[in-house]
There are 2 protein chains.
Amino acid sequence: MHENVQQLNDYDAPTAFGPLTATVSYGLKRAYLRMIRDLEAALAPEGFTPPLLAALSIVVANPGIAPSRLAEAMGHGRSRAAPLLDRLEEMRLLAREAGADRRSLQLRATPAGAAMLARLEALLAAHERRITEGLSPEEASLLATLLEKVAREG
Amino acid sequence: MHENVQQLNDYDAPTAFGPLTATVSYGLKRAYLRMIRDLEAALAPEGFTPPLLAALSIVVANPGIAPSRLAEAMGHGRSRAAPLLDRLEEMRLLAREAGADRRSLQLRATPAGAAMLARLEALLAAHERRITEGLSPEEASLLATLLEKVAREG
DNA sequence: TATTGTTATACTCTATAACTATA
DNA sequence: TATAGTTATAGAGTATAACAATA
């Protein structure tokens with residue numbers, strides 16, 4: 001049963017992270033994991049996921065954008081756009097329209113899409129407050145700036 | 001062919017992000033993506049992936065740790081540990097040893113595992129320098145601190 | 001009963017290559 | 001030939017549930 005010598009391990013809580021301790025690299029991973037889980041949970045009741053929200057946001061902010069430029073803005077290859085657009089079109093939130101160059105498409109949100117995004121913005125704001133709850137407003141703003149610097153240098 | 005009116009889109013580069021602009025949430029996603037791709041590329045020549053490195057680091061820093069506590073430290077469920085441990089054991093970098101409570105296992109790195117980690121630390125340091133190249137040392141240190149605050153509140 | 005480790009399963013994200021239609 | 005969009009495929013990461021062994 002229970003004994004005091006039960007644990008022969010030579011470690012104690014909390015668990016140590018070795019060379020990962022206090023690195024930007026592992027901090028990014030841990031913070032990202034916490035963020036994405038909170039966002040997934042916040043969007044699920046609306047039938048949304050983080051990538052769907054990003055795609056809709058970008059289309060609303062850039063009416064007429066082509067799928068390949070959307071994919072580029074989201075940081076991945078062209079082929080990732082198709083299933084996201086299929087889903088958003090299925091939900092009647094956006095439409096793929098033909099342009100003058102018939103190889104290319106122009107993406108536009110429907111009124112329902114714009115309305116949905118407005119609704120999601122409230123969820124997004126609450127999510128942002130949750131993940132920055134341990135930070136002052138100045139720290140949160142600084143964090144966003146530093147993250148953007150890291151992201152841009154790629 | 002080429003015409004000046006070719007683009008009827010009412011957007012211009014760079015692409016706008018709408019409500020995602022300047023949020024910690026989307027900044028985290030973008031910075032994480034940049035980081036993880038750099039780390040994957042850095043580790044690939046050694047046959048390693050970021051989760052394998054994290055697992056090995058934590059086992060070396062916590063000799064005798066159990067798989068379930070390793071999984072907890074890495075932020076996911078128990079079942080994720082098994083394939084990572086299979087792989088590391090296959091590589092002869094760690095061993096699963098039986099403890100007093102025979103339900104539980106004690107994980108320990110082999111000498112080869114410790115040597116491998118030492119080698120990986122150099123790659124990790126170079127990786128850390130690359131992803132923080134746009135930041136002063138003070139900013140990088142501050143960023144790591146802020147990220148840890150975000151991660152911990154979960 | 002509860003806990004540990006494992007297996008099975010499924011879903012998402014991501015990357016690559018190949019196909020089509022247009023230019 | 002080059003580009004845009006799509007499809008097919010595969011691999012990795014993650015989550016849940018169920019199982020066997022042990023307590």
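Lettering of chains follows the sequences in order, A, B, ..., and the numbering in each one begins at 1.
With rounding to whole Å, B:Arg102 atom CZ is found 15 Å from C:dT6 atom P. Distance B:Leu39 CG to C:dT14 P: 16 Å, rounded to the nearest Å.
Screening residues 44-62 of chain B for salt bridge (charged side-chain N to carboxylate O under 4.0 Å, His left out) gives B:Glu46-B:Arg119 as the qualifying pairs, with residues at least two apart or on separate chains. Sorted pairs that involve residues 73-82 of chain A and meet salt bridge (charged side-chain N to carboxylate O under 4.0 Å, His left out), not counting sequence neighbours, are lacking altogether.
Listed by chain and residue number, A:Tyr32 satisfy the ring-ring contact (aromatic ring centres under 6.0 Å, His included) test with B:Tyr32 (two or more places apart in sequence, or in another chain). Listed by chain and residue number, A:Arg30 satisfy the side-chain hydrogen bond (donor to acceptor under 3.5 Å, both in side chains) test with B:Glu148 (two or more places apart in sequence, or in another chain). Residues forming a side-chain contact (heavy atoms from CB on, under 4.5 Å) with B:Glu72 (at least two apart in sequence, or on another chain): B:Arg69.
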message = Can you build the contact string for nucleotides 3-15 of chain D? Use B for base contact, S for sugar-phosphate-only contact, and - for no protein heavy atom under 4.0 Å.
response = BBBBB-----SBS

